[in-house]
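Have a look at the structure below before the remarks.
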Amino acid sequence: MTWWSVPLMLGASVVLYDAWFYWVHRLLHVSPMYRFHAQHHTSVCPTIWTNHHETVVEAFLNQSFYTLIVFILPIAWPLLVAQKIYDQISGMLGHAGYEHFASPVARFPWLLASTVFHDQHHGYFRYNYGHTFSVWDRLMGTLHPRYDETVEGFENIKPATPPNGA
Ligand SMILES: [Zn+2]
Ligand SMILES: [Zn+2]
């Protein structure tokens with residue numbers, strides 16, 4: 001690991017995992033495979049626990065990325081551990097049911113995905129299959145048509161002040 005290879009390999013691995021997740025997820029929505037993904041979709045209003053509400057087959061397909069990537073990318077194992085920790089935290093936030101990070105970088109022309117991104121996947125089913133970025137959904141025409149404006153709408157919401165001013 002060097003000062004330049006750490007961010008380069010970690011960034012490349014996150015980008016590749018996003019592509020892996022998108023296409024595995026699309027595959028899981030195809031009829032013969034959906035039986036392995038239906039359990040995850042019993043949550044139409046997800047919470048952080050929904051992140052691991054999945055079958056063994058779905059978990060195996062998603063997580064096998066970490067086995068295969070070492071044959072493609074010269075990445076040090078501690079970086080994969082760091083990526084897995086990031087994946088765990090971002091997965092929980094993505095199912096949090098509350099938009100913590102609404103900002104312009106989560107909507108066009110930027111490509112980060114916010115909580116509302118995956119929330120719309122659970123609510124509308126056929127949109128937003130990606131993970132960290134919205135790029136594959138934008139390219140393949142599967143982005144929810146109101147995703148960008150929904151994120152923008154959340155950006156200006158201020159927390160309500162309690163009636164007693166506490
Ligand atoms: Zn799905
Ligand atoms: Zn989900």
Side-chain angles (χ1 to χ4, degrees), residues 10-69 72 79-155 157 159:
L10 197 54
S13 190
V14 167
V15 168
L16 289 171
Y17 182 71
D18 190 63
W20 175 268
F21 186 91
Y22 179 87
W23 288 107
V24 165
H25 197 177
R26 287 291 301 268
L27 180 69
L28 286 166
H29 273 252
V30 174
S31 180
M33 294 296 288
Y34 185 67
R35 75 186 76 172
F36 303 117
H37 188 47
Q39 182 176 313
H40 189 69
H41 274 282
T42 55
S43 297
V44 292
C45 188
T47 70
I48 57 169
W49 304 110
T50 309
N51 193 38
H52 291 298
H53 191 222
E54 60 188 355
T55 64
V56 172
V57 173
E58 179 177 352
F60 177 80
L61 286 171
N62 283 330
Q63 304 308 319
S64 56
F65 170 85
Y66 292 96
T67 304
L68 300 173
I69 192 64
I72 298 167
L79 298 183
L80 291 178
V81 173
Q83 184 181 356
K84 187 59 208 151
I85 293 170
Y86 158 76
D87 175 52
Q88 176 66 30
I89 294 169
S90 67
M92 292 170 77
L93 287 172
H95 290 98
Y98 184 86
E99 186 52 83
H100 292 274
F101 303 109
S103 80
V105 297
R107 58 183 166 85
F108 189 81
W110 301 98
L111 300 173
L112 279 174
S114 66
T115 298
V116 72
F117 180 81
H118 196 65
D119 212 55
Q120 287 179 330
H121 179 70
H122 279 266
Y124 298 97
F125 192 71
R126 295 211 178 275
Y127 300 107
N128 303 3
Y129 296 91
H131 184 268
T132 299
F133 307 106
S134 60
V135 62
W136 282 103
D137 284 289
R138 291 183 193 278
L139 288 173
M140 302 309 295
T142 53
L143 186 76
H144 189 284
R146 290 189 304 281
Y147 170 68
D148 289 321
E149 69 183 76
T150 306
V151 172
E152 189 173 9
F154 278 122
E155 287 169 23
I157 294 176

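Order of appearance sets the numbers: ligands from 1, and atoms from 1 within every ligand. Everything numeric here is computed off the predicted structure, so don't read it as measured data.
Salt-bridge annotation for E155 and R107: present, with a side-chain N of the basic residue lying under 4.0 Å from a carboxylate O of the acidic one. The pair R138-D148 counts as a salt bridge, with a side-chain nitrogen and a carboxylate oxygen less than 4.0 angstrom apart.
Few gaps surround OH on Y66; more than 12 heavy atoms of other groups in view lie less than 6.0 Å from it.
In terms of heavy atoms, H29 sits closest to F125 at CE1-O, 3.3 Å. Shortest non-hydrogen contact noted between T42 and Q39 is OG1-O, 2.7 Å.
Of all N, O or S atoms in H29, the one lying closest to the Zn ion (ligand 1) is NE2.
At a cut-off of 2.8 Å, measuring from the Zn ion (ligand 2), the protein N, O or S atoms that fall short of it are H40 NE2, H95 NE2, H118 NE2, H122 NE2, waters left aside.
The ring of Y147 has its center no closer than 6.0 angstrom to the ring center of Y127.
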